[in-house]
Amino acid sequence: VIFQAFHGIAVAFVYKYADAIVKNFANSSVMAILVVVSATFFQLSTNVHSWLGVVIVLTTTYCYMNIALKIAAPPPPAETERLLEAGEAKEETRSVGDESEMAGK
């Protein structure tokens, strides 16, 4: 029952902050971890297929999350505004410098 409660909370957080693909990976990972916990603490009888499934699920989840982290996320709105302001300031400085160069010629 406790595992089911934690699973429900985890699913709620994933749905709030992520997409359905991440939810599926999270669900699969939780199930794989529960197999390991059940085998360790509750003497669940497992076989090679169970452990192979756990390894495959955790490996694919790791690979997907590793790729997802390498994809650059867009900067937060405050950072975007700061970058835009800095870009506008550089353009103003550049245009002022261009005008003074043209005046000198």
Side-chain angles (χ1 to χ4, degrees):
V1 174
I2 293 172
F3 286 130
Q4 298 262 337
F6 282 126
H7 184 261
I9 291 171
V11 168
F13 278 120
V14 168
Y15 270 143
K16 184 173 182 179
Y17 296 109
D19 60 358
I21 294 174
V22 174
K23 185 259 179 198
N24 288 332
F25 275 110
N27 191 20
S28 300
S29 298
V30 166
M31 293 302 144
I33 291 169
L34 286 178
V35 167
V36 173
V37 169
S38 296
T40 304
F41 293 111
F42 305 120
Q43 287 73 38
L44 174 72
S45 62
T46 59
N47 56 23
V48 175
H49 292 118
S50 300
W51 293 109
L52 186 60
V54 168
V55 168
I56 290 171
V57 165
L58 295 179
T59 302
T60 56
T61 302
Y62 173 78
C63 290
Y64 179 81
M65 292 303 162
N66 202 12
I67 291 169
L69 290 176
K70 288 182 181 177
I71 297 174
E79 181 70 15
T80 304
E81 289 179 21
R82 186 185 66 76
L83 290 173
L84 287 174
E85 290 172 1
E88 290 172 3
K90 285 182 183 177
E91 285 183 19
E92 288 176 8
T93 305
R94 195 175 303 139
S95 65
V96 169
D98 292 342
E99 291 173 5
S100 63
E101 287 177 10
M102 294 178 88
K105 290 185 176 180

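Everything numeric in this text was worked out from a predicted model, so none of it was measured.
Put simply, CD1 on Ile56 and NE2 on His49 are 10.0 Å apart, with the number rounded to the nearest 0.5 Å. Distance CG/Leu58 to SG/Cys63: 11.0 Å, rounded to 0.5 Å. Atom CG of Asn66 is separated from atom OG1 of Thr61 by 12.0 Å, given to the nearest 0.5 angstrom. How far CD1 of Ile33 is from OG of Ser28: 11.0 Å, rounded to the nearest 0.5 Å. One distance of note links CG of Leu34 with CG of Leu44; it measures 10.5 Å at 0.5 Å rounding.
Scanning all heavy atoms of the two residues, the minimum distance from Trp51 to Thr46 falls at NE1-OG1, 2.7 Å. The nearest pair of heavy atoms linking Ala32 to Val57 is CB-CG1, 4.0 Å.
Residues Phe25 and Thr60 meet the side-chain proximity criterion, which asks for heavy atoms closer than 4.5 Å. Residues Phe6 and Val30 have side chains not in contact (no heavy-atom distance under 4.5 Å, counting atoms from C-beta outward).
Leu52 and Met31 fall into different hydrophobic clusters, defined by Ile, Leu, Val, Met, Phe, Trp and Tyr side-chain heavy atoms under 4.5 Å apart, directly or through other members.
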